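All figures in this text were calculated on a predicted structure; none of them were measured in a lab. Worth knowing before you read on, the calculation uses all heavy atoms, side chains too, and leaves out hydrogens, waters and symmetry mates. Both counts, for ligands and for their atoms, begin at 1 and track the order of listing. The residues of the chain are indexed from 1 along the displayed sequence.
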Amino acid sequence: MSEASRTLAAEVARRRTFAIISHPDAGKTTLTEKLLLYGGAIHLAGSVKTRRNASRHTTSDWMELERQRGISITTSVLQFPYAGHHVNLLDTPGHNDFSEDTYRTLAAADAAVMLIDSAKGVEPQTIKLFEVCRLRQIPIVTFMNKLDRAGQDPLDLMDEIERILGIPCHPVTWPIGSGPDFQGVYDRWGKTLLKYERGDSAKGERVAPVQVASLDDAAFVESLGAAAHATLMEELELLESGHAFHQATFLAGGVTPVFFGSAVNDFGVEPFLKRFLELAPAPLPRKTTTGRVDPLDPSFSGFVFKIQANMDPAHRDRVAFLRIVSGKFTRGMEVVNPRSGRRLRLSKPLQFLAQERTLVEEAWAGDILGLWDAGNLRIGDSLAEGPGVEFEGIPRFSPEFFNRVVMLDPAKRKQLKKGLDQLSEEGAVQVFHDPDRMERDPVLGAVGVLQFEVIQHRLRSEYGAEISYARLPFTLARWVEGEEFDRRRFDDPPSVACLVDLEGRPLALFQSKWHLERAERENPKLRFIAAVQPGRAKATA
Ligand code: G4P
């Protein structure tokens, strides 16, 4: 083995690239901040808050912020070193900046942390993000947060995850008491007790886990109190008959290890991080249109999973986020984009450290690069040193919000069409048409409402087309496939409608889940598809 391949193997082996999936307010920002503190990437608690506050602004404030700062500050990739690992944490925008980018980011992750507020359990956004992870079958580790507050019974919480998400749970740690009676967690794998200490831990002083020689040990019983000890024993026994943990099943997304803690009190976070880094996989091979590429392949390759447009009209440039799939990146290297056949030199790539961006000299499979782009790159594009590497595209996810475009100046129809074509290609929004009206009055579909505001702003500033919207009453959609597809069956306003996307694929829109389920029942020979590969004639996922 050459020196270069030894270095590549070592660099890949220590990389972990993951995202946190959660519903707003579950504690993602707080958890992220603790992780960054451990990694030494930030030194002050509260540094991440500015980002959180930014994402909580009203939409118009957000636009103002974006304009002032140029590129989005609310979405990024954070990296930090921890215990010999090189960690890449992908930030999934979650508040009112929830968009298709949130889903696409998961395409670049090798694993996910599912963060759950233990008082609230599984919430809508958790479900959506979980489903995207499931499409890719990536491993998911669960962190039950806010144990310092009265929450749901831990057995009920696990039951809820299994029932709603359909993934078996295997608790690695188990809470002792909850809310005011919360005493800490027992680590079933390490046979240790992590005591929760009120007050001190809130200041960030972490307690060390204590080895428990035997669960019947008198000192252990005494430290918990007889009643809490008895409950713990009973629950631990119950868990013995629960789901076993197998690494291979976990890696295929078939079981989730569960940890309990409190992010804001820095309780249980570090033991969780250590275990997570042991369990989560190093960068994995990725499928291409003809085979697959291994991260240890010395030839550099990667794909674009997100494009962040600059909201400032004076600066049209944007940042394309590239996930490196194989090999080593060195600044200034030349790559080819098989879609356009163009060669480009990656001379000013960025990496992200907390709120700073730094020029990167070298990077490895698993890392994320930010590339300045003048409009040549698209979501899903592959970039590789050698020719012929084309990764499978990033799916397009079915929208949940629909607005018909109302043109305010009909003379600008051409500009509008050009703008929508380009913005749709960029992945900023999805564009649909009513086949009877074709080019007229397009319908925009998005997974987050902020996308509409962004499009309206960009159409005005970049294309000179002034629009407003008429909201359509649908809440979900599916691409429909099958020999027996007949559009008229999906023409039942206001509860069901049928449009086509720019590639001509029919999309059925439903007012509610009930309407979708009815359509599925009544059309057993048709397939209703939630995510499709762009650029292909047929829906795939
Ligand atoms: P998000 O990014 O997922 O939206 O959640 P974020 O971290 O902003 O946390 C949401 C709220 O939950 C914050 O309170 C945060 O302090 C609190 N929180 C996070 N982890 C825990 C925990 O382990 N226990 C308890 N009790 N609370 C937790 P806030 O009042 O909205 O903000 P702040 O004023 O505390 O910053």
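A donor-acceptor pair under 3.5 Å is absent between the side-chain atoms of Ser118 and the main chain of Gln152, judged by distance alone. No side-chain donor-acceptor contact under 3.5 Å links Gln430 to the backbone of Val447.
Under the side chain to side chain contact (heavy atoms under 4.5 Å, CB included) rule, Pro175 has a single partner from Phe259, Tyr186, Phe260, Tyr196, which is Phe260. Trp174 pairs with exactly one of Val185, Leu232, Val258 by the side chain to side chain contact (heavy atoms under 4.5 Å, CB included) rule, that one being Leu232.
For Thr30, heavy-atom contacts with ligand 1 shorter than 4.0 Å involve the backbone as well as the side chain.
Near Arg149, with a cut-off below 4.0 Å to any heavy atom, the atoms of ligand 1 are 26 (N), 27 (N). Proximity to Lys28 (heavy-atom distance under 4.0 Å) selects the following atoms of ligand 1: 1 (P), 2 (O), 3 (O), 5 (O), 7 (O). Taking every non-hydrogen atom of Ser262 and a distance limit under 4.0 Å, the qualifying atoms of ligand 1 come out as 22 (C), 23 (O), 24 (N). Residue Pro24 has at least one heavy-atom neighbour below 4.0 Å for each of these atoms of ligand 1: 4 (O).
Among Gly27, Gly268, Ala263, Ala119, the residue whose heavy atom lies nearest to atom 9 (O) of ligand 1 is Gly27.
At a 3.5 angstrom cut-off on N or O pairs, Asp148 counts as close to ligand 1. Not a single N or O atom of Asn265, backbone or side chain, sits closer than 3.5 Å to an N or O atom of ligand 1. Where the criterion is an N or O separation shorter than 3.5 Å, residue side chain and backbone included, Leu31 fails it with respect to ligand 1. When only interatomic distances are considered, the shortest N/O to N/O separation between Leu147 and ligand 1 does not fall below 3.5 Å.
For the atom pair CG (Leu155) and CG (Leu239), the distance works out to 6.0 Å, reported to the nearest 0.5 Å.
A donor-acceptor pair shorter than 3.5 Å can be found between the side chains of Thr256 and Thr142.
In terms of heavy atoms, Gly27 sits closest to Leu115 at C-CD2, 3.3 Å.
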